[in-house]
Novice: 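Submitted below is the structure of interest, expressed as structure tokens.
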Amino acid sequence: MKLRHWASLTGLLAVLSESTLAGCPKEGVELPAGNLSRALISLGRQCRVSLVVEAESAAHIPVPAQQLSTPDGSITPALNALLSSTPLTFTHTGTNAVAVLTRPEEEESTEGDLVPLPAEEVTVTGRSLTGSHLRYLKLDSYAPIDVLAQPELEITGAQTVAELLKYLPAVSGNSTSTSVTNGGNGTATVTLRGLPASNTLVLINGRRIVSNGFGGEAADLNTIPLSAVDRIEVLKDGASAVYGSDAIAGVVNILLRQDFEGFSVSTYYGQSSRDDQQTESYNLTWGTGSEQGHLMLSLAQYRQGEILSRDRNLSASADNREWGGTDLRSSASPQAYIALTDKVVTNSENGYRTWNPEDLYNFREFTSALVPSERQSLYVAGKRALEDNVEFHTEAMVVRTRSEAKLAPTPIFTRFDNGDLTIAANQVYNPFEEDVTDVRKRVVELGPRLQSNGTDTWRFNTGFKGLINNWQWELVATTHYTQAHETLNNLIDPHRLSAGLKGPDVCSASSGCVPVNLLGPSGSIDAAQLDFIRAENEVDGASRMTSLTYIADGPLGQNSAGDILAAAGVEVRRESIDLTSTEADGLSLIGGVASGAATGERLIGEAFAEISLPLAKDSLWLDGAVRYSDYSDFGNTANPKIAFRWRPWPSVLVRASYATGFKAPTLVDMNQRGSQSQEYLFDPCTNSNADQLPGCRGRADQARIQYLTEFGGNPALQPETSDNRALGLVWTPGDFTGFHASLDIFEIRQNDVIDTSPQYLINQNAYNGFFSERVQRDAKGDITRIIATRLNIGAREVTGMDTSLRYQHQSKSLGLIRWSMNSSHIYRYLNQLAPGSPIEDLAGTFIDAASGGTGSLPDWKANTGVYWQKGRWEGGYTVHFVSAMDESFTLNDKPVNRSIDSWTTHDLQVAYAVPAGMRFAIGIDNMLDQSPPFAASAFNDNFDGRTYDLTGRYWYTTFSFNM
């Protein structure tokens, strides 16, 4: 059998049936006239089974219009009847798919029920599996791949790609989502192995896509509608030799529906048990096809409600002392912190009084814990058969996303913010008859800051593919464009505020200046003052990518062990960004972030090749790949990969691989200028032992938690490089065909990591006296500015293990029962911020991203579930687990190490299908209402929103109709 000819025909996948083998209408199915491929598509759609077929054979077999019997809803009799007069047979390739393949010569017919085989043992995709351009059945994949097909997507109840991937065991670290408010920008990313999002490559239909509109380091998952997704393949291995830059930690390949026929509409509504986070979605899909072509349309609308920090006990206050943490409330309060020559005072009902720590301000009263957002999408896919085995295909997608986060009113730190903010002794509102340099005021009169994010994304792919002498070829042209806009209002212009704090000689009515009262009680800043100082920050960004790719694959020849398969191709790609933001003469607005500006483009030319060489028939293979990349801005690089697959016994597969990888510096990394923000950092010079530290000039202000930081690009940056090693074992006992087990050990060594950690700079400055030109302090030892320019200075080494266990059992009395367990273990995560600095093992630790850390890196992350299907009923029960972690922080001048508790949640879904094509489901996420574990060093809401979920118990229901 020539496996290279396989292509998939995927029917409508629904999971409400006696099993995937018994979901057909009991009255039978009607199939259209045409070729066998079209008939199988129709059969799969009506029986809600994924059919995978050797397309070249099926496309040339004519079949008449016919009605086939499906007694008890079983697809087996219909397949027997349809294929009886053809050279094809079928086998069950897993829980939700049936493969139609060439009949072995000794087999005359297929009778009886299908024999279930483990889903990951026979991973049939009908196209090149993620991690390779070779198009053949990957019965023996040399890399660990998680495949999430439509039934798995449906049973989770997830409504976004980011939500679905968040709980995968291999995902940890600093991914972004709408759970990240202060510091978020409305985007969502995925981080495999705890490495930054820039080290995980996201593909759509195997093709590279543009990064987010702000020229960020990774693709925005929010621009990919889950309703259009057919399946997701997660390659947990380095793949720069196949795909180029960014595929160091792995690849997430999102495969969209393309062969859907019929009409489908679905709705979703959910809300938390506390009557918030009301979320709804509506999806419509239509498709039609014939022997000559196919056309599909998908529309989706999604709207997610809000959770406010004050509405959960864990996140209601920034004072964490009752939880065993520190008081993170802000010294910038509505009553003001006013430092005079001999004392610190604040406002009260009876005038000024001495300030004390209980006057700190709880900014969580205003903040969003989950950002409300909405998305609309349109996806169109079409293909047309031409002459001479050539097919034309095209895809277009338009996605619109919007979100709005709430932040506390703008704080002013006159001593540490941009500009000359000293309050003159003769200022009209200054009663102290002295210059006041240190006032910390929360301008609640402005109202909360509202951060609005919007992204519009357009993707268009078109091309041709065909067959010449058993070699398949494809020529594809793509253009992707993402435009993003961010607005943050109720900020303060530092220049106007500076003028308003001076005496009548500078600030007068004749000069158009309005004096500003920072020394009065809450409410003392009137409308005229607010109008004078109010400002709004806007960020506009656009990312563009155009590419032309040619790929060919086929048989290179044969040896005594079998076919030698090969693939080769070239790609030319142009990437560009254009990022601008509001600035006040080069200074960030008070209360906001100056994203600065970045404009740049690059031209990339790449050539790649792969080979699969059998060394011993059905037992030993050598696979290799290499990719050469030439970048117009930093040079070229070549990255190989080599892998072995060995079957010592039919039920055992041993796989091993070695590869090098690289991550090109982003255009923002190389070109950004003028970026400023108030970063949440810790200065060791605030401890009582500051006099003993080389870099301190006395004890700095202990009440500060934010420091003005200036970031910058570096055009001399070079790529990050990596070495990936993997060793795996797969066991599928032949006499126990419903069972599958795998164990994979991985190691990633990374060098020349691009880093800009301001926390590292502060630590080195305080403890060793280094970087004094980057960590600028005033005469009292307080930090006035940190300059953090990107450099190739870091190194990492990550070692761990993935395990997978699956079992399925089918009987007439019980139906189909599936059990699965997946886990990922990080054994070691060595991190060196710069040459000569200490090497830290971060495995099992949490260091907040707000202070430049790697986020949550649990030793173990796992999920397990039991799923049941019988008749038109279906149920699913899933358990998610995150192991305990360690964190470090300073409490009362002393370092404290504490444990963050482990976290376990339970999800349940029950569904029922009506014969008319309707499906109802109800589900409960976090059934036991388990709160996230408290993290003392987490700035946002006292827990890590990138790893856990604050929602609590969450109810949802879905309805779908298919015809």
Side-chain angles (χ1 to χ4, degrees), residues 10 12-13 45 150 153-154 158-164 178 186-188 202-213 219-232 253-268 279-289 293-304 373-384 392-403 453-463 476-485 542-547 958-963:
T10 304
L12 174 64
L13 298 181
R45 177 179 64 84
Q150 263 287 328
L153 306 185
E154 199 167 38
Q159 295 299 296
T160 67
V161 174
E163 180 185 358
L164 182 74
T178 54
T187 65
V202 176
L203 306 173
I204 293 182
N205 292 338
R207 302 183 182 102
R208 184 179 291 268
I209 61 178
V210 73
S211 62
N212 73 59
D220 180 9
L221 298 178
N222 286 339
T223 64
I224 305 171
L226 186 60
S227 60
V229 174
D230 181 61
R231 71 182 182 279
I232 299 175
N253 189 9
I254 300 170
L255 299 152
L256 305 180
R257 294 182 176 184
Q258 293 181 321
D259 293 315
F260 177 84
E261 287 196 25
F263 178 78
S264 173
V265 61
S266 64
T267 65
Y268 170 98
T279 301
E280 57 189 39
S281 68
Y282 307 92
N283 308 299
L284 182 150
T285 305
W286 169 85
T288 184
H294 186 272
L295 179 65
M296 196 198 81
L297 169 72
S298 177
L299 295 169
Q301 158 77 24
Y302 170 83
R303 183 177 290 109
Q304 173 186 273
S373 62
E374 64 176 61
R375 294 154 216 166
Q376 296 86 32
S377 66
L378 167 65
Y379 171 62
V380 179
K383 58 185 177 182
R384 180 74 177 177
F392 169 77
H393 58 85
T394 186
E395 289 179 289
M397 179 183 287
V398 181
V399 183
R400 174 185 181 271
T401 72
R402 298 293 185 268
S403 64
N453 287 92
T455 300
D456 297 298
T457 300
W458 297 266
R459 299 188 183 99
F460 180 72
N461 306 319
T462 189
V476 181
T478 68
T479 179
H480 293 184
Y481 175 68
T482 295
Q483 185 175 31
H485 179 78
S543 296
R544 299 175 179 84
M545 185 191 76
T546 57
S547 66
T958 67
F959 167 78
S960 62
F961 174 70
N962 304 288
M963 59 178 293

Novice: Salt-bridge test for Arg402 and Glu374: reply yes if a basic N is under 4.0 Å from a carboxylate O, no otherwise.
Specialist: no
Novice: Let's go through Ile232 and Leu255 carefully: what are the C-alpha distance in whole Å and the side-chain angles of both, what is the deciding distance for side-chain contact (heavy atoms from CB on, under 4.5 Å) to 0.1 Å, and is it a yes or a no?
Specialist: CA-CA 6 Å; Ile232 299 175; Leu255 299 152; over 6 Å; no
Novice: Say you draw a straight line from CG of Leu295 to CZ of Phe260; how long is it, rounded to the nearest 0.5 Å?
Specialist: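 Leu295 CG to Phe260 CZ: 12.5 Å, rounded to 0.5 Å.
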Novice: When you measure from the side chain of Asn283 to the backbone N and O of Ser298, does any donor-acceptor pair fall under 3.5 Å?
Specialist: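 Side chain of Asn283 to backbone of Ser298, a donor-acceptor pair under 3.5 Å: no, none is there.
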Novice: How close do Thr462 and Phe392 get, heavy atom to heavy atom, and via which atoms?
Specialist: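 Closest approach of Thr462 to Phe392: OG1-CE1, 3.1 Å.
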Novice: Mind checking whether Trp286 and Leu299 have side chains closer than 4.5 Å, heavy atoms only?
Specialist: no
Novice: Do Ile224 and Val399 have side chains that get closer than 4.5 Å, going by heavy atoms?
Specialist: no
Novice: Do Thr482 and Thr455 have side chains that approach each other closer than 4.5 Å (heavy atoms only, starting at C-beta)?
Specialist: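 SC-SC contact between Thr482 and Thr455 confirmed.
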Novice: Check the pair Arg375 / Thr160 against side-chain hydrogen bond (donor to acceptor under 3.5 Å, both in side chains), numbers first and verdict last.
Specialist: CA-CA 10 Å; Arg375 294 154 216 166; Thr160 67; 4.5 Å; no
Novice: Any side-chain donor paired with an acceptor under 3.5 Å for Gln258 and Glu395?
Specialist: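 Side-chain D/A pair, Gln258 to Glu395: present.
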Novice: Working to the nearest 0.5 angstrom, can you tell me the gap between Asn212 CG and Asn222 CG?
Specialist: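 Reported value, rounded in 0.5 Å steps: 10.5 Å.
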Novice: Hey, what do you get for CD (Gln159) to CG (Leu164), rounding to the nearest 0.5 Å?
Specialist: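 The distance works out to 10.5 Å.
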Novice: Mind checking whether Val380 and Leu297 have side chains closer than 4.5 Å, heavy atoms only?
Specialist: yes
Novice: Can you name the residues that form a side-chain hydrogen bond (donor to acceptor under 3.5 Å, both in side chains) with Gln301, not counting sequence neighbours?
Specialist: Gln376
Novice: Holding to side-chain contact (heavy atoms from CB on, under 4.5 Å), I want the full list of residues that pass it with Thr478, two or more places apart in sequence or in another chain.
Specialist: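 By the side-chain contact (heavy atoms from CB on, under 4.5 Å) rule, Thr478 matches Arg207, Asn461, Val476, His480, Met545, Ser547.
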Novice: Taking side chain as C-beta onward, heavy atoms only, is Tyr481 less than 4.5 Å from Val210?
Specialist: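 They are not in contact (no side-chain heavy atoms under 4.5 Å apart), so the answer is no.
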Novice: At their closest point, which heavy atom of Ala162 faces which heavy atom of Leu221, and how far apart are they?
Specialist: CA-CD1, 4.0 Å
Novice: Might you point out which heavy atoms bring Val202 and Ala219 nearest each other, and give the distance in Å?
Specialist: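 Scanning both residues, the minimum pair turns out to be CB-CB, 4.0 Å.
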Novice: Within this structure, what is the OG1-CG distance for the pair Thr267 and Leu284, rounded to the nearest 0.5 Å?
Specialist: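 If I round to the nearest 0.5 Å, the distance is 12.0 Å.
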Novice: With heavy-atom distances below 4.5 Å as the criterion, would you say the side chains of Tyr379 and Arg459 are in contact?
Specialist: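 No, side chains not in contact.
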Novice: Does Ser403 have any side-chain hydrogen bond (donor to acceptor under 3.5 Å, both in side chains) partners at least two apart in sequence or in another chain, and if so, which?
Specialist: none
Novice: Mind checking the CZ-CE spacing from Phe460 to Met397? Nearest 0.5 Å is all I need.
Specialist: 13.5 Å
Novice: Just by modelled atom types, is the Gly206 backbone N or O under 3.5 Å from a matching donor or acceptor in the Asn253 side chain?
Specialist: yes
Novice: Would you say that Ser227 contacts Ser266 through its side chain, given a criterion of any heavy-atom pair below 4.5 Å between the two side chains?
Specialist: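 Ser227 does not reach Ser266 side chain to side chain.
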Novice: Would you mind reporting whether Val265 and Tyr282 have side-chain heavy atoms less than 4.5 Å apart?
Specialist: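 Of all side-chain heavy-atom pairs linking Val265 with Tyr282, none is under 4.5 Å.
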Novice: Can you tell me how far the CG atom of Leu203 sits from the CD1 atom of Ile209, to the nearest 0.5 Å?
Specialist: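 Rounded to the nearest 0.5 Å, the CG-CD1 separation comes to 7.5 Å.
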